[in-house]
Amino acid sequence: MLFIPFPEEAQAVKETAIEFGLGGQVDKFEGVLNEAAELASAEAGAIFWNAVQNMTIEDGFKILKGEENAVTSFLRNNTEEQLRAKFSPKVQNSIDKVELTKYWEPLISKYNIVASFTDKPEVNADLNGYVTDKAIDGLFVHIAEQEKQIRTDPVARVTDILQKVFSQQ
């Protein structure tokens, strides 16, 4: 399961909203971010499978003899654009469904005006980009964890092919 926190660069916005009694809206906002990421992530399996099916023998040897994150790197390099294209509309639908930008954009616009006068960094108002990027990053963190476990722990090699391939490392 993925968890996408309130945008790090907007923590001051979150803290201010909570101070003004808007903690419920902050919670709802984070819930929508995560719902959007989960819905989008459901699309990843087919994209990953396609990348594996199109893998060359050379790719296979690089993965087998590569670093502990070779599978993760291969998948990221061969699927990230497709994931972004698939995730972005789903994320946008989730954001639109709860009219999140109706609240987010005016809040961030006002915050950015104040930030420009107080030497604080401005906050990117692109929620879709933020959620899409974090969902993709979260998937690859999860894949990297699984890959490391498969490479280092024979018990994690739950299929015959995984046992055969990684026992020869």
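Note: hydrogens, waters and symmetry copies are ignored here, and every other heavy atom, side chains too, is used. In this chain, numbering begins with 1 at the start of the sequence shown.
- The backbone N or O of Ala85 lies less than 3.5 Å from no partner atom in the side chain of Ser88, so there is not a single donor-acceptor pair.
- Going from atom OG1 of Thr118 over to atom CD1 of Ile113 covers 11.5 Å, rounded to the nearest 0.5 Å.
- Every residue two or more places apart in sequence or in another chain was checked for a side chain to side chain donor-acceptor pair (under 3.5 Å) with Asn112, and none qualifies.
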>> Under the criterion side chain to side chain contact (heavy atoms under 4.5 Å, CB included), I'd like the reasoning laid out for Trp49 against Thr79: C-alpha separation, chi angles, the key distance, then a yes or no.
In response: CA-CA 10 Å; Trp49 181 244; Thr79 64; over 6 Å; no
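- Within 6.0 Å of CD on Gln53 lie more than 12 heavy atoms contributed by other residues, nucleotides or ligands.
- Cluster membership for Met55 and Ile143, using ILVMFWY side-chain heavy atoms within less than 4.5 angstrom, is shared.
- Partners of Asp59 by side chain to side chain donor-acceptor pair (under 3.5 Å), not counting sequence neighbours, listed by chain and number: Thr56.
- Side chain of Glu147 to main chain of Thr72: a donor-acceptor pair is present (N/O by atom type, distance under 3.5 Å, no hydrogens or angles).
- Under the 3.5 Å distance criterion, the side-chain polar atoms of Asn78 are matched with a main-chain donor or acceptor of Phe74.
- Residues satisfying the side-chain contact (heavy atoms from CB on, under 4.5 Å) criterion with Asp133, sequence neighbours excluded, are Arg84.
- A distance of 9.0 Å separates CG in Leu139 from CZ in Arg76, rounded to the nearest 0.5 Å.
- A continuous path of ILVMFWY side-chain contacts below 4.5 Å connects Val52 to Ile136, so both sit in one hydrophobic cluster.
- Here the side chain of Glu68 pairs no donor or acceptor atom with the backbone of Lys148 at under 3.5 angstrom.
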> Should Ile47 and Glu81 be marked as a side chain to side chain contact (heavy atoms under 4.5 Å, CB included) after you check the CA-CA gap, both sets of side-chain angles, and the distance that decides it?
Replying inline: CA-CA 10 Å; Ile47 293 170; Glu81 284 183 37; over 6 Å; no
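- The shortest side-chain heavy-atom distance between Leu83 and Phe140 falls under the 4.5 Å cut-off.
- Taking CG of Asn128 as the reference point, atom CG of Asp96 lies at 8.5 Å (rounded to 0.5 Å).
- Contact annotation: the side chain of Ile57 never approaches that of Lys62 to less than 4.5 Å [non-hydrogen atoms, C-beta and beyond].
- Here the closest non-hydrogen pair linking Lys86 and Lys90 is O-CG, 3.8 Å.
- For the atom pair Leu75 CG and Phe48 CZ, the distance stands at 5.5 Å (nearest 0.5 Å).
- Around CD of Glu80, the count of heavy atoms belonging to other residues, nucleotides or ligands within 6.0 Å exceeds 12.
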